[in-house]
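What follows is one structure encoded as C-alpha cells, with my remarks underneath.
The chains referred to below are lettered A, B, ... by the order of the sequence lines, with proteins before strands, and numbering in each begins at 1.
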Amino acid sequence: MNYWLMKTEPSVYGIDDLARSRKKTDHWDGIRNYQVRNMLRDDMQKGDLALFYHSSCPEPGIVGIVEIVRQAYPDHTAFDPKSKYFDDKSDPNNPRWLMVDVRLKKRFKRIISLKAMRSNPALTGMRILAKGNRLSITPVSAQQWQSIVDMLA
DNA sequence: GCCAACGTTGGC
DNA sequence: GCCAACGTTGGC
C-alpha cells in the first residue's frame, strides 16, 4: 500500500468535477510523461491513497484524498484524434499511455495550501516541494502522509 | 505575463 | 550519443 500525490489544474479537472461524477469515481487520463507512466504501471496499486492537489490556480494546495480503485490500463484518449491528449505514436495493440481510476474519499473543509506545506518542516523533502519538480504524480512517504493528515486538525 | 527548470526532439 | 532548440509546467 503506497501513498501518492496527484496534481491537476482545477480549471481543467478539479475536485468538484470528481465529486460530481458517478459514484465519485473517474479515470485519470492525460498522463504523457514516461516517469509518471512507469510509476503508475509498476508501483501504483488498487487500494493506494493519493492526495488530490490543485495547481496553476489562485491558491495551489491539497484539497482532498482519493483512493486508487482500478490499476493501470490503457489511456483511450491517446487513440482519439479529437482529444488534446491524442498521440499517434500510441499503438492500440501496444498502448504507450496508461491511466488509473480514482474515487473521491475525502474532501477537505479547507485547503492545505502550498504555502502551509512549505512552512511545515516535517514536509521538507516532499517531491512536490522540490525545485523544478514536474511530475504530475509523486510518491509520498507514510510519515509525510501522516504530517499532512495532522495539518487538518 | 514572466521565467526557471526540466522533458523531448531531431540534426549531426 | 551529444546537445541545442523548443515546448511545457507551474509558482509567482
Side-chain angles (χ1 to χ4, degrees), chain A residues 2-21 26-44 48-68 71-102 104-141 143-152:
Chain A
N2 296 308
Y3 295 109
W4 307 93
L5 181 146
M6 301 173 82
K7 267 194 307 201
T8 181
E9 298 182 30
S11 61
V12 177
Y13 189 96
I15 199 160
D16 291 338
D17 298 293
L18 182 56
R20 273 195 297 269
S21 57
D26 210 344
H27 56 274
W28 193 278
D29 61 19
I31 289 168
R32 296 295 179 268
N33 172 287
Y34 291 105
Q35 284 183 67
V36 174
R37 182 206 62 186
N38 293 348
M39 281 193 292
L40 204 77
R41 183 189 59 199
D42 303 333
D43 301 323
M44 198 177 248
D48 283 0
L49 297 176
L51 302 165
F52 195 103
Y53 180 93
H54 279 173
S55 69
S56 294
C57 57
E59 190 172 30
I62 300 165
V63 292
I65 291 173
V66 298
E67 179 180 350
I68 309 303
Q71 258 175 311
Y73 63 103
D75 182 342
H76 58 79
T77 63
F79 311 131
D80 177 5
K82 290 192 290 294
S83 169
K84 72 171 198 168
Y85 298 121
F86 177 61
D87 181 357
D88 62 1
K89 292 189 282 301
S90 185
D91 175 2
N93 295 315
N94 184 20
R96 176 177 295 200
W97 302 115
L98 304 172
M99 60 188 183
V100 295
D101 286 354
V102 299
L104 184 59
K105 260 206 109 163
K106 184 168 185 179
R107 196 172 172 175
F108 297 165
K109 289 193 177 63
R110 58 182 177 84
I111 190 171
I112 298 177
S113 68
L114 177 61
K115 202 176 161 192
M117 292 166 68
R118 286 202 192 282
S119 63
N120 184 346
L123 300 181
T124 312
M126 248 185 114
R127 291 288 291 278
I128 186 75
L129 302 180
K131 196 174 182 179
N133 169 68
R134 312 192 39 171
L135 304 181
S136 59
I137 298 180
T138 47
V140 171
S141 72
Q143 290 84 350
Q144 290 163 349
W145 182 274
Q146 189 54 49
S147 300
I148 295 283
V149 171
D150 289 345
M151 289 173 80
L152 288 170

How many whole angstroms separate atom [atom1] of [X] from atom [atom2] of [N]?
X	N	atom1	atom2	answer
Ile128(A)	dT9(C)	CD1	P	14 Å
Ile31(A)	dG7(B)	CD1	P	16 Å
His54(A)	dG10(C)	NE2	C1'	15 Å
Gln35(A)	dT9(C)	CD	P	15 Å
Ile137(A)	dG7(B)	CD1	P	16 Å
Asp87(A)	dT9(B)	CG	P	9 Å
Met117(A)	dG10(C)	CE	P	13 Å
Lys115(A)	dG11(C)	NZ	P	15 Å

(message) So Ser56(A), base contact, sugar-phosphate only, or nothing? Heavy-atom distance under 4.0 Å.
(response)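 Base: the residue Ser56(A), judged by heavy atoms under 4.0 Å, touches a nucleobase.
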(request) Verify the contact: side-chain N or O of Tyr53(A) to OP1 or OP2 of dG11(C), cut-off strictly under 4.0 Å; return yes or no. (result)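 True: Tyr53(A) side-chain N/O within range (under 4.0 Å) of dG11(C) OP1/OP2.
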(request) Determine which pairs satisfy side chain to side chain donor-acceptor pair (under 3.5 Å) with at least one residue from residues 106-124 of chain A, sequence neighbours left out, and list them in order. (result)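 Applying side chain to side chain donor-acceptor pair (under 3.5 Å) to every pair that reaches into residues 106-124 of chain A, excluding sequence neighbours, yields Asp16(A)-Arg107(A).
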(request) With side-chain hydrogen bond (donor to acceptor under 3.5 Å, both in side chains) as the test, would you mind laying out the steps for Asp29(A) and Tyr13(A) before giving the verdict? (result) CA-CA 10 Å; Asp29(A) 61 19; Tyr13(A) 189 96; over 6 Å; no
(request) Would you check if Met6(A) and Tyr53(A) make a side-chain contact, meaning some heavy-atom pair closer than 4.5 Å? (result)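 A side-chain contact under 4.5 Å is absent here.
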(request) Answer whether the closest heavy-atom distance between the side chains of Met117(A) and Ile112(A) falls below 4.5 Å. (result)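 A side-chain contact exists here, since the closest heavy-atom pair is under 4.5 Å.
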(message) Set out, in order, the CA-CA distance, both residues' side-chain angles and the distance that settles side-chain hydrogen bond (donor to acceptor under 3.5 Å, both in side chains) for Thr77(A) and Arg32(A), then state yes or no.
(response) CA-CA 11 Å; Thr77(A) 63; Arg32(A) 296 295 179 268; 3.1 Å; yes
(request) Tell me which nucleotide among dC12(C), dG7(B), dG10(C) gets nearest to the side chain of Arg118(A). (result)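 It is dC12(C).
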(message) Ignoring hydrogens, what is the shortest heavy-atom contact between Trp28(A) and Lys7(A)? Give both atom names and the distance.
(response)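 Distance-wise, the nearest heavy atoms are CZ2-O, 3.4 Å.
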(message) With a 3.5 Å distance limit and no angle check, can you tell me whether Arg127(A) reaches the backbone of Asn133(A) through a side-chain donor-acceptor pair?
(response)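 Judged by distance alone, no pair lies under 3.5 Å.
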What pairs of nitrogen or oxygen atoms, one from the protein and one from nucleotides 3-5 of chain B, lie under 3.5 Å apart?
residue	atom	partner	partner atom	Å
dA5(B)	OP1	Lys131(A)	NZ	2.7

